[in-house]
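Reckoned from all heavy atoms, side chains included, excluding hydrogens, waters and symmetry mates. Naming convention: chains lettered A, B, ... in sequence-line order (proteins, then strands); numbering from 1 in each chain.
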Protein chains: 2
Amino acid sequence: MNMRQTAEGTARPAGRPRSEKAEKAIVDATLDLLGEGIGVAELSIEAIAARAGVGKTTIYRRWSNKEDLVVDALATLKPPIPPLSGTSVRDDLVTYLRVLREESSHQRTRCIMNIAMSDSERHPRLAERFREIALEPRRTALRGVLRRGMETGELRADLDEEMAMAILSGAIMWYTKWHRSGVEPPEDVAERIVDEALTGFRASGW
Amino acid sequence: MNMRQTAEGTARPAGRPRSEKAEKAIVDATLDLLGEGIGVAELSIEAIAARAGVGKTTIYRRWSNKEDLVVDALATLKPPIPPLSGTSVRDDLVTYLRVLREESSHQRTRCIMNIAMSDSERHPRLAERFREIALEPRRTALRGVLRRGMETGELRADLDEEMAMAILSGAIMWYTKWHRSGVEPPEDVAERIVDEALTGFRASGW
DNA sequence: CAGTTGCGCTACGCTCCCGTTGCGAAACTC
DNA sequence: GAGTTTCGCAACGGGAGCGTAGCGCAACTG
């Protein structure tokens with residue numbers, strides 16, 4: 001037997017083991033560069049290697065192409081989902097949107113979002129991964145709040161879940177993205193969006 | 001006098017005049033390439049020249065850098081804004097959102113949008129121009145509908161215009177962008193968004 | 001110990017694009 | 001016709017990044 005058992009019981013081949021430190025450095029460097037606004041297309045292996053303090057070979061040995069590396073890098077990201085207490089639907093929604101607003105004030109988050117949005121056509125696997133990691137958990141959380149509200153009667157029983165989610169997430173996103181470029185949205189966007197959405201635009205008589 | 005007066009009365013220098021056809025071909029080629037998903041960063045002058053059937057020199061003679069060219073190219077785009085009859089706020093909003101949905105089904109529109117969104121950090125002039133040309137006219141139209149509704153009493157008088165606009169535009173955008181990648185949103189997204197937004201999420205007793 | 005594999009590094013040939021130059025023809029003015 | 005400018009085209013030297021290979025050392029196995 002020319003193999004050795006590791007702690008997990010998997011076989012380890014002879015020779016120097018791959019450095020986990022290098023691996024982490026590569027992933028970190030990738031996220032760093034993406035977070036600085038470098039798009040996937042311009043992202044070069046050489047730049048990553050330089051940033052990570054690593055030889056190009058070390059990268060090529062682990063990932064056969066750039067997309068794989070980026071996918072793996074994105075996979076290490078975990079978006080913060082706040083605890084949604086359930087005190088009231090309004091409170092939970094405000095809390096939820098506040099986190100989104102806070103997040104969007106970080107350049108790194110914005111850049112990652114940009115990549116997810118614009119490269120979704122050319123790199124479907126990337127978009128898929130992003131949806132899986134960042135989007136779905138949030139959708140689930142948000143959906144939970146809405147369902148709870150519909151059960152307790154705080155929300156209309158015939159509320160269109162999907163539309164409600166699109167309205168809330170879309171509004172905060174639109175606001176942070178388009179409402180005066182570079183200018184942060186007002187402190188109370190979250191509250192205001194939630195209140196308008198809960199109340200509805202229509203006047204009472206109609 | 002070694003100049004000749006053109007119809008407009010401006011002086012025309014001696015020599016072969018610049019070809020308007022070439023100019024148009026360059027701009028078209030640029031928009032074509034961007035519309036195929038090529039980002040601004042990867043967009044090469046050589047590719048534009050080849051696509052336009054034009055020498056590189058002809059491009060460099062008119063634009064000193066790529067950003068200028070892209071800005072000018074974007075400036076030729078005019079987004080369709082439907083006539084908003086004013087019959088009812090609901091109808092106008094549905095019409096408005098329907099156009100946005102229809103537009104977002106064209107790859108070209110999606111790519112241009114992507115560029116506007118993701119390159120806003122690195123090319124502020126570009127984002128500025130996009131806002132000016134595509135965004136503001138629509139915001140104005142949408143704002144008009146909302147104001148009219150507030151005057152006629154169809155909408156709440158204390159409606160937060162900005163929030164309402166963010167909710168409507170954001171919702172359709174979110175929906176077309178994120179709700180199942182590649183899958184077109186349902187036929188009646190526009191109606192559903194508008195109705196949920198007008199009615200509000202809250203149950204009547206609350 | 002010998003054997004194997006990973007490490008960082010340098011260097012290679014290759015491709016793409018840059019921005020510029022020179023060419024002969026075309027399209028103008030005077 | 002003489003002069004001027006633009007045209008498309010081909011070519012240039014140069015930089016950046018590709019993916020690969022070879023170096024000598026490091027870190028493992030047996």
What protein N or O atoms touch nucleotides 3-6 of chain D N or O atoms at under 3.5 angstrom, if any, and at what distances?
{"from": "dT5(D)", "atom 1": "O2", "to": "R16(B)", "atom 2": "N", "distance (Å)": "3.0"}
{"from": "dT6(D)", "atom 1": "OP1", "to": "R18(B)", "atom 2": "NE", "distance (Å)": "3.3"}
{"from": "dT6(D)", "atom 1": "OP1", "to": "R18(B)", "atom 2": "NH2", "distance (Å)": "3.4"}
{"from": "dT6(D)", "atom 1": "O4'", "to": "R16(B)", "atom 2": "O", "distance (Å)": "3.3"}
{"from": "dT6(D)", "atom 1": "O2", "to": "R16(B)", "atom 2": "NH1", "distance (Å)": "3.2"}

For residues R202(A) and T199(B), is any side-chain donor paired with an opposing acceptor at under 3.5 Å? yes

Which atoms form the tightest heavy-atom contact between I167(A) and A197(A), and what is the distance? CG2-CB, 4.4 Å

So, [X] and [Y], do they make that salt bridge, N to O below 4.0 Å?
| X | Y | answer |
| --- | --- | --- |
| E151(A) | R148(A) | no |
| R122(A) | E36(B) | no |
| E103(A) | R108(A) | no |

The side chain of Y60(B) is closest to which nucleotide in this list: dG17(D), dT20(C), dG19(D)? dT20(C)

Might you list the N or O atoms of the protein lying below 3.5 Å from N or O atoms in nucleotides 9-15 of chain D, with each pair's distance?
{"from": "dC9(D)", "atom 1": "N4", "to": "T57(B)", "atom 2": "OG1", "distance (Å)": "2.9"}

Which whole-number value in Å describes the distance from [X] [atom1] to [N] [atom2]?
| X | N | atom1 | atom2 | value |
| --- | --- | --- | --- | --- |
| W63(A) | dC18(D) | CH2 | C1' | 18 Å |
| E20(A) | dA27(D) | CD | C1' | 14 Å |
| I48(B) | dG8(D) | CD1 | P | 14 Å |

Rounded to the nearest 0.5 Å, what separates atom CD in E191(A) from atom OG1 in T95(A)? 9.0 Å

With the threshold set at under 4.0 Å for non-hydrogen atoms, list the residues of residues 32-43 of chain B touching DNA chain C in residue-number order.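 Listed by number, there are none.
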
Step by step, would you call M165(A) with W174(B) a side-chain contact (heavy atoms from CB on, under 4.5 Å)? CA-CA 9 Å; M165(A) 298 204 295; W174(B) 178 271; 5.7 Å; no

So do the side chains of E184(B) and R101(B) get within less than 4.5 Å of each other, counting heavy atoms only? yes

Compare all side-chain heavy atoms of T176(A) with those of L100(A) and state whether any distance is below 4.5 angstrom.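 No. Closest side-chain heavy atoms not under 4.5 Å.
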
Criterion salt bridge (Lys or Arg N to Asp or Glu O under 4.0 Å) on R125(B) and D68(B), from CA distance to verdict: CA-CA 9 Å; R125(B) 289 176 47 223; D68(B) 286 347; 2.8 Å; yes

